[in-house]
Protein chains: 2
Amino acid sequence: MESKQNTDNLTVIDEETLFVVSQTFKALSDPTRIRILYLLYQKECSVNEIAETVQLKQTTVSHQLRFLKNLRLVKFRREGTTIFYSPDDEHVMNTLKESINHASHM
Amino acid sequence: MESKQNTDNLTVIDEETLFVVSQTFKALSDPTRIRILYLLYQKECSVNEIAETVQLKQTTVSHQLRFLKNLRLVKFRREGTTIFYSPDDEHVMNTLKESINHASHM
DNA sequence: ATATTATATGATTATATGCTCATATATGTA
DNA sequence: TACATATATGAGCATATAATCATATAATAT
């Protein structure tokens, strides 16, 4: 869906786009999820690997992964009892990487 | 501040960068703030203009503007009793615009 | 000084969010 | 089957967030 214009020639964002955009940024608004995504950006990881690396409970990581999975920001593959996660949205990962670079050079 | 590396050669984001990045994305995670920013991106606006355009109470807009002002995402100038707001962070505005374009072409 | 207009602030309330615990599910192995 | 390991889920709690109301502040005009 494209955006519409009102009588002042101002473009207004349609509801669906607004929802998708805000949800995507919400995913990136939490330090824990940023840590997880940035880790996966560098290396495909199992749930426990993530928990150990970012120093969080396994359940916390699992809940956050479900959140990211629902937004299709990560994908996974199974290997026995282990599940490996990796990024699944190039645009969002580029946005995150850019913002980290921008913020860390200040 | 730059990021460090742990023993697995994984880059870990430093706390300050993590805070700045998450705060910035938090600003973009709320539909109301997105509407306001996207409006200001197109046209410098007074508080009441914003409230009318996005159909929100004046106080709601004022609170959100304070939030955006604290993060230096918007700036303002006074003209009598009227205060005009406009964007003040090119990088964040580009990120927002890109994401809106990306989401609206799906 | 008083009134008017525009904006900002503080307190309150309802809802959302993130973490944790206990437990469930799934896969592999003895 | 029974057990171990890895991951997922649901409930509860503490905190954060966004909107609203009432009110305060600031600038201007009469």
Side-chain angles (χ1 to χ4, degrees), chain A residues 13 15 18-40 43-86 88, chain B residues 13 15 18-40 43-86 88:
Chain A
I13 310 169
E15 284 303 316
L18 194 62
F19 180 75
V20 172
V21 171
S22 62
Q23 279 295 107
T24 303
F25 284 128
K26 200 181 292 293
L28 303 178
S29 72
D30 177 65
T32 297
R33 286 192 291 269
I34 294 179
R35 276 206 182 92
I36 293 174
L37 283 173
Y38 194 63
L39 176 58
L40 298 181
K43 176 175 172 291
E44 185 191 48
C45 287
S46 71
V47 179
N48 275 334
E49 274 183 298
I50 297 171
E52 285 163 30
T53 308
V54 299
Q55 295 276 70
L56 289 167
K57 303 278 181 192
Q58 177 268 321
T59 48
T60 300
V61 173
S62 192
H63 278 299
Q64 296 294 12
L65 285 172
R66 178 165 62 170
F67 182 103
L68 298 171
K69 200 165 47 179
N70 287 341
L71 286 176
R72 298 180 192 280
L73 299 188
V74 298
K75 60 176 186 261
F76 62 94
R77 67 181 178 86
R78 179 182 283 278
E79 202 169 286
T81 60
T82 303
I83 298 185
F84 290 97
Y85 280 84
S86 56
D88 198 30
Chain B
I13 310 169
E15 284 302 317
L18 194 62
F19 180 75
V20 171
V21 171
S22 61
Q23 280 294 108
T24 302
F25 284 128
K26 199 181 293 292
L28 303 178
S29 73
D30 178 65
T32 296
R33 286 192 290 270
I34 293 178
R35 276 206 181 91
I36 293 174
L37 283 174
Y38 194 64
L39 177 57
L40 297 182
K43 177 175 172 292
E44 185 191 48
C45 287
S46 71
V47 179
N48 275 334
E49 275 182 297
I50 298 171
E52 285 164 29
T53 307
V54 298
Q55 295 276 71
L56 289 168
K57 303 278 181 190
Q58 177 268 322
T59 47
T60 299
V61 173
S62 193
H63 279 298
Q64 297 293 12
L65 286 171
R66 179 166 60 170
F67 182 103
L68 297 171
K69 199 165 47 179
N70 288 341
L71 285 177
R72 298 180 193 280
L73 298 188
V74 298
K75 59 177 187 263
F76 62 94
R77 67 181 177 85
R78 180 181 280 281
E79 202 169 284
T81 60
T82 304
I83 297 184
F84 290 96
Y85 281 84
S86 56
D88 198 30

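Source: prediction; values computed, not measured. Just so it is clear: chains get the letters A, B, ... in the order the sequence lines come, proteins before strands, and each one is counted from 1.
Within the cation-pi definition used here (under 6.0 Å to the ring centroid, within 45° of the axis), A:K69 qualifies as a partner of A:F76. Relative to the ring axis of A:F84, A:R78 does not place its NZ or CZ within 45° and under 6.0 Å from the centre.
No hydrogens or angles were tested; on distance alone, nothing pairs the side chain of B:H63 with the base of D:dT17 as donor and acceptor under 3.5 Å.
Salt bridge status for B:K57 with B:E52: absent, with no side-chain N to carboxylate O gap under 4.0 Å.
Within the structure, a side-chain polar atom (N or O) of A:Q64 is placed less than 4.0 Å from OP1 or OP2 of C:dC19. For B:N48 and C:dT5, the shortest distance from a side-chain N or O to OP1 or OP2 is not below 4.0 Å. At C:dA6, none of the side-chain N or O atoms of B:Y85 fall inside 4.0 Å of OP1 or OP2 (strictly under the cut-off).
For DNA chain D, none of the residues of residues 26-33 of chain A falls under the heavy-atom distance limit of 4.0 Å. Within residues 66-84 of chain A, the residues approached by DNA chain C to less than 4.0 Å at the level of any non-hydrogen atom are A:R78, A:G80, A:T81, in residue-number order.
Under the 3.5 Å distance criterion, the side-chain polar atoms of A:S62 are left unmatched by any main-chain donor or acceptor of A:Q58. With A:R33 contributing its side chain and A:L28 its backbone, the two residues share no donor-acceptor pair below 3.5 Å. Of the possible polar contacts, one joining the A:S22 side chain to the A:L18 backbone as a donor-acceptor pair under 3.5 Å is found.
Within 6.0 Å of atom CZ in A:R72, 12 or fewer heavy atoms from other residues, nucleotides or ligands are found, so the atom counts as exposed in its surroundings.
In this entry the distance linking NZ of A:K57 with P of D:dC13 reads 19 Å, nearest Å. Atom CD of B:Q58 is separated from atom C1' of D:dT20 by 12 Å (rounded to the nearest Å). One atom, CD1 of A:I36, and another, C1' of C:dC19, lie 12 Å apart when rounded to the nearest Å.
Comparing A:L56 and A:T59 against DNA chain C, the residue whose closest nucleotide sits nearer the 5' end is A:L56.
Distance NZ/A:K43 to OH/A:Y38: 15.0 Å, rounded to 0.5 Å. In this structure, CD1 on B:I50 lies 12.0 Å from OG1 on B:T60, to the nearest 0.5 angstrom.
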